[in-house]
Amino acid sequence: MPPRPRRRISPWVTRPLAVVALALVWKAVWRFGPRVLGQAGVVFPVHARLLVQLGVPYPRSVRAILPAPAPGSSAEAQLRLMDFWDGKTWTSKALAEGRRAGKDLGVACGRLVLKGGVSASPPREENGVQRATLTYRVRWVPPPESDDLWRARQIVGLRLPRVPGIPSPGQESTRQADITPSPVGWRLLEGDRSRLQEAGLGEPRWAWVLHLF
């Protein structure tokens with residue numbers, strides 16, 4: 001009796017299986033690698049930075065309020081000179097720089113950026129939930145001095161927002177946020193994400209990238 005020919009497994013089966021296996025290995029390296037390598041932190045430093053940078057996120061614009069000037073004031077004269085005010089309302093140039101906030105104008109006044117690396121604590125358990133703490137520094141970078149509105153901020157009465165822990169542009173502070181395991185890796189705790197939505201600047205747009213780690 002002639003030998004039976006070997007059945008070849010279709011590439012339509014082997015290729016998806018190979019992709020799944022590779023994905024599982026990739027996730028395992030990020031999930032268990034720090035512990036296997038004896039690192040103190042629960043995640044690699046680059047992973048910790050991504051969790052903060054994409055989950056909060058940074059860098060992010062900080063917005064101030066430019067009040068509508070009083071008639072005949074020095075603020076009105078300055079804003080007219082800058083072509084921000086036509087005597088009754090904001091000009092197209094002003095609206096290109098910001099957006100209306102009632103009678104006033106919301107404008108950018110710098111950015112919040114991460115400074116240096118992000119460190120992760122060892123894992124711990126609280127109320128039956130595993131978590132770890134990320135520690136990092138944030139700096140409020142002011143606009144360049146060549147920015148006309150920023151240079152005239154005292155004359156026009158620019159009102160800076162309250163950024164927690166950072167009283168004024170040019171300064172920085174240390175922050176912390178907790179992470180917890182999720183089915184796809186690690187995630188910022190929802191309470192911390194809400195607390196870290198600084199100056200009402202909205203939700204992160206690239207947080208989906210964290211599902212890769």
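All residue numbers refer to positions in the sequence shown, counting from 1.
The CD atom of Gln130 lies 12.0 Å from the CG atom of Asp178; values are rounded to the nearest 0.5 Å. Atoms CZ and CG, from Arg99 and Leu105 in turn, are 9.5 Å apart once rounded to the nearest 0.5 Å. Between atom CG of residue Asp86 and atom OG of residue Ser92 there is a gap of 9.5 Å, rounded to the nearest 0.5 Å. Residue Thr135 holds its OG1 atom at 12.5 Å from CZ of Arg175, rounded to the nearest 0.5 Å. Of the inter-residue distances, the one linking Leu158 atom CG with Ile65 atom CD1 reads 9.0 Å to the nearest 0.5 angstrom. The CZ atom of Arg137 lies 11.5 Å from the OG atom of Ser119; values are rounded to the nearest 0.5 Å.
Two residues are said to be in side-chain contact when any heavy atoms from C-beta on lie closer than 4.5 Å; Asp147 and Arg153 fail this criterion. Residues Trp140 and Pro167 form no side-chain contact, since every pair of their non-hydrogen atoms from C-beta on lies 4.5 Å or further apart. Inter-residue side-chain proximity for Cys109 and Pro161 is flagged as met; some heavy-atom pair is nearer than 4.5 Å.
When hydrophobic clusters are built by joining Ile, Leu, Val, Met, Phe, Trp and Tyr residues whose side-chain heavy atoms come closer than 4.5 Å, directly or via intermediates, Leu160 is grouped together with Val163. Leu95 and Val156 fall within a single hydrophobic cluster, where Ile, Leu, Val, Met, Phe, Trp and Tyr side chains are chained together by heavy-atom contacts under 4.5 Å. Neither Ile155 nor Leu149 shares a network with the other; the hydrophobic side chains, linked directly or stepwise wherever heavy atoms of I, L, V, M, F, W or Y lie under 4.5 Å apart, form separate groups for each. There is a path of hydrophobic side-chain contacts, each under 4.5 Å, that joins Trp186 to Leu37. Clustering ILVMFWY residues whenever any of their side-chain heavy atoms sit less than 4.5 angstrom apart, transitively, puts Met82 in the very cluster that holds Trp150.
Trp85 pairs by the ring pair (Phe, Tyr, Trp, His ring centres under 6.0 Å) definition with Trp90, not counting sequence neighbours. For Asp104, the salt bridge (Lys or Arg N to Asp or Glu O under 4.0 Å) partners are Arg159, not counting sequence neighbours. For Val113, the side chain to side chain contact (heavy atoms under 4.5 Å, CB included) partners are Pro59, Arg111, Lys115, Arg139, Val141, not counting sequence neighbours. Listed by chain and number, the residues in a salt bridge (Lys or Arg N to Asp or Glu O under 4.0 Å) with Glu145 amount to none (sequence neighbours excluded). Remark: Ser121 pairs with Arg124, Ala132, Thr133 by the side chain to side chain contact (heavy atoms under 4.5 Å, CB included) rule, at least two apart or across chains.
Other residues, nucleotides and ligands place no more than 12 heavy atoms under 6.0 Å from the CD atom of Gln154.
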Pair Arg100, Thr89 - check side-chain contact (heavy atoms from CB on, under 4.5 Å), show working. CA-CA 11 Å; Arg100 293 183 186 277; Thr89 188; 3.6 Å; yes
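When all heavy atoms of Ala108 and Ser61 are compared, the closest pair comes out as CB-OG, 3.7 Å. Minimum heavy-atom separation, Pro164 to Ser173: O-OG, 4.4 Å. Taking each heavy atom of Ser73 and Ala70 in turn, the nearest pair found is OG-O, 2.7 Å.
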Listing, residues 41-53 side-chain donor-acceptor contacts under 3.5 Å, not counting sequence neighbours, or none:
| unit_1 | atom_1 | unit_2 | atom_2 | d |
| --- | --- | --- | --- | --- |
| Arg49 | NE | Gln53 | OE1 | 3.4 |
| Arg49 | NH1 | Gly116 | O | 2.4 |

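Lys93 and Glu97 are not joined by a salt bridge, as no carboxylate oxygen comes within less than 4.0 angstrom of a charged side-chain nitrogen.
Looking only at distances, no side-chain donor or acceptor of Gln78 sits under 3.5 Å from a matching main-chain atom of Ser74.
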